[in-house]
**Student:** 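Below: one structure in structure tokens.
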2 protein chains.
Amino acid sequence: MNKGIEIDRLDKQILSILMRNAKMAYTEIAKKLFVSGGTIHVRMKKLEDVGIVKGYNLSVDHGKLGYDICAYLGIYLDKSSLYEEVAKELEKIPEVVEAHYTTGLYNIFARVFCKDTAHLKEVLHDKIQNIPGIQRTETFISLQESINRPLEIVSEDDDEEIGYHEAEER
Amino acid sequence: MNKGIEIDRLDKQILSILMRNAKMAYTEIAKKLFVSGGTIHVRMKKLEDVGIVKGYNLSVDHGKLGYDICAYLGIYLDKSSLYEEVAKELEKIPEVVEAHYTTGLYNIFARVFCKDTAHLKEVLHDKIQNIPGIQRTETFISLQESINRPLEIVSEDDDEEIGYHEAEER
DNA sequence: GTTGAAAAATTCCGCCG
DNA sequence: CGGCGGAATTTTTCAAC
């Protein structure tokens, strides 16, 4: 039982390539995988239709755009049941780019981007701590991001001797 | 002093659009921003050259691909100085998609994707806990992701009355 | 920043195995 | 049906202004 969605090896290979470089042309992917460009097109349309592909994003260097601080916040709530309410308030804060309802020590896990420490203080003290239901927060500032990559979804038993290797970009 | 990189409002608007939908055609962005397609092309080339644009990613629904669990790990090291070594070992574990050197309670913050609880146990117990230098870990499983969006980089004083609004996709 | 034209990619559709 | 191939359309890309 597979949620009714059938994904074969070709689908996974296409996704795997595009997850690393979403700008690669369908014609080029087609050449790598020894199928026609039209096939890539049909497969991607299916993958978008069933919601496996959620979107296409640009990955940017936040530091170079003036957002020097990336921090994770562990948030304690007064009551776990306040989650929906608090999430809605967090959504209004543009610096919050991610929020998860989590198991473990904290009730909510959030990621924020700030320009500098003054900006972080403003976000924490004036915005987040003011949300009703939030008891306290713990802050983890990222000093270095050493890994940031897509999940490898092509399993070993799937890609036995695929002649795929990286080519030069564009 | 701005790191020597000059980014104007138009650059930010282009980035802002592409961060939400990296597949939008340059010609369409050009129409929205009332400039020519060539200008978008030149701006993007500059933004890629200076490293502000790091890449183009596909965003996928990991759950639908069989990876039901997304978890964050707080990792305690025996000594903070072991960071580089441990990071190198973490990089060998494909389930680890993100790792940060952080301030606060933990030394390293990592994000992992697993197929199910058995898979998570294997990753935690057989892979991560076996890395020399790691003292112990704390696991936060994401039960719901309620926010996941790009950072809004166009500041209010930048985009005063831009006639920009979302258009239908493709 | 713009224009315009060549090169390339996307997208669609009829056909085949 | 799933994949192929080709043709129409759109986009990218680049040089000259």
**Student:** Per the salt bridge (charged side-chain N to carboxylate O under 4.0 Å, His left out) rule, what does the pair list look like for residues 35-45 of chain B, sequence neighbours excluded?
**Tutor:** B:Asp8-B:Arg43, B:Asp11-B:Arg43, B:Lys45-B:Asp49

**Student:** Please state whether the phosphate of C:dT10, meaning OP1 or OP2, lies under 4.0 angstrom from any side-chain nitrogen or oxygen of A:His41.
**Tutor:** no

**Student:** Determine whether the aromatic ring centres of B:Tyr72 and A:His100 lie less than 6.0 Å apart.
**Tutor:** yes

**Student:** May I have the distance from B:Tyr26 (atom OH) to C:dT3 (atom C1'), rounded to whole angstrom?
**Tutor:** 19 Å

**Student:** Once side-chain contact (heavy atoms from CB on, under 4.5 Å) is applied, do any residues pair with B:Val97, and if so which ones, sequence neighbours excluded?
**Tutor:** A:Leu151, B:Arg111, B:Phe113

**Student:** What residue pairs, at least two apart or across chains, pass salt bridge (charged side-chain N to carboxylate O under 4.0 Å, His left out) with a residue in residues 80-90 of chain A?
**Tutor:** A:Glu89-A:Lys92

**Student:** Suppose we screen for side chain to side chain donor-acceptor pair (under 3.5 Å). Which residues come up paired with B:Ser146, at least two apart in sequence or across chains?
**Tutor:** A:Tyr83

**Student:** Given axes from five pairs at either end, by how many degrees does the helix from C:dG1-D:dC17 to C:dG17-D:dC1 bend, rounded to 10°?
**Tutor:** 30°

**Student:** Could you check how far CD of A:Glu28 sits from P of D:dT11, rounded to whole Å?
**Tutor:** 20 Å

**Student:** For B:His119, what residues pass the side-chain contact (heavy atoms from CB on, under 4.5 Å) criterion, not counting sequence neighbours?
**Tutor:** B:Tyr67, B:Glu95, B:Cys114, B:Lys115, B:Asp116, B:Glu122, B:Val123

**Student:** NZ of A:Lys23 versus P of D:dT11: gap in Å, rounded?
**Tutor:** 13 Å

**Student:** For A:Ser81, which residues count as a side-chain contact (heavy atoms from CB on, under 4.5 Å) partner, sequence neighbours excluded?
**Tutor:** A:Lys79

**Student:** Could you go over nucleotides 15-17 of chain C and give all protein N or O partners under 3.5 Å, atom names and distances?
**Tutor:**
none

**Student:** To the nearest Å, give me how far apart NZ (B:Lys46) and C1' (D:dC14) are.
**Tutor:** 18 Å

**Student:** Taking the nucleotide of DNA chain C with the closest heavy atom to each, which residue, A:Ala25 or A:Lys45, is nearer the 5' end?
**Tutor:** A:Ala25

**Student:** Are the side chain of A:Arg149 and the backbone of B:Val96 linked by a donor-acceptor contact shorter than 3.5 Å?
**Tutor:** yes

**Student:** Quick one: list whatever passes side chain to side chain donor-acceptor pair (under 3.5 Å) with A:Glu145, sequence neighbours left out.
**Tutor:** A:Asn148

**Student:** Of all residues at least two apart in sequence or in a different chain, which pass the side chain to side chain donor-acceptor pair (under 3.5 Å) check with A:Thr137?
**Tutor:** A:Gln129

**Student:** Polar-atom pairs under 3.5 Å, protein N or O versus N or O of nucleotides 2-4 of chain D: list them with distances, or write none.
**Tutor:**
from, atom 1, to, atom 2, distance (Å)
D:dG3, OP1, A:Arg43, NH2, 2.3
D:dG3, OP2, A:Arg43, NE, 3.1
D:dG3, OP2, A:Arg43, NH2, 3.2
D:dC4, OP2, A:Ser36, N, 2.9
D:dC4, OP2, A:Ser36, OG, 3.4
D:dC4, OP2, A:Thr39, OG1, 2.8

**Student:** Using the side-chain contact (heavy atoms from CB on, under 4.5 Å) criterion, which residues pair with A:Ser36? Sequence neighbours excluded.
**Tutor:** A:Thr39

**Student:** Rounded off to whole Å, could you give me the CE-to-P distance for the A:Met24 and D:dT11 pair?
**Tutor:** 22 Å

